[in-house]
Amino acid sequence: MTKAENRAAAKAYHKERMRKIDEEAEVERVKSDLAELDRLRRYLIFGTQAPLRQPREAAGRH
């Protein structure tokens, strides 16, 4: 394998790896959003039985 081919292969590998990492992060964000929406839905349907979490930004300000 020539130096140019090796460089191209490394670049393609890195690009695919970063795409996979981004995809996994997006899956986690979607799971988190769905869980938050479920908590909100339960709160709205059942009242105060399912308390809402504070937003992440406000949680650390106490």
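Values in this document were obtained by computation on a predicted structure and should not be read as measured data. The figures here come from the full heavy-atom set of this structure, side chains too, leaving out hydrogens, waters and symmetry mates. We number each residue from 1, following the sequence as shown.
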Completion exercise
Hits for side chain to side chain contact (heavy atoms under 4.5 Å, CB included) against Arg41, two or more places apart or cross-chain, chain-then-number order -> Asp38, Ile45
Handout entry: Distance (rounded to the nearest 0.5 Å) between Leu37 CG and Leu44 CG
Key = 10.5 Å
Residues 23-31, side-chain donor-acceptor partners within the protein, below 3.5 Å, at least two apart:
unit_1: Glu23; atom_1: OE1; unit_2: Arg19; atom_2: NH1; d: 2.8
unit_1: Glu26; atom_1: OE1; unit_2: Arg29; atom_2: NE; d: 3.2
unit_1: Glu26; atom_1: OE1; unit_2: Arg29; atom_2: NH2; d: 2.7

Problem - Residues clustered with Ile21, ILVMFWY side-chain links under 4.5 angstrom - result: Met18
Exercise for the section: Hey, could you give me the CZ/NZ distance between Arg7 and Lys11, rounded to the nearest 0.5 Å? Expected result: 10.0 Å
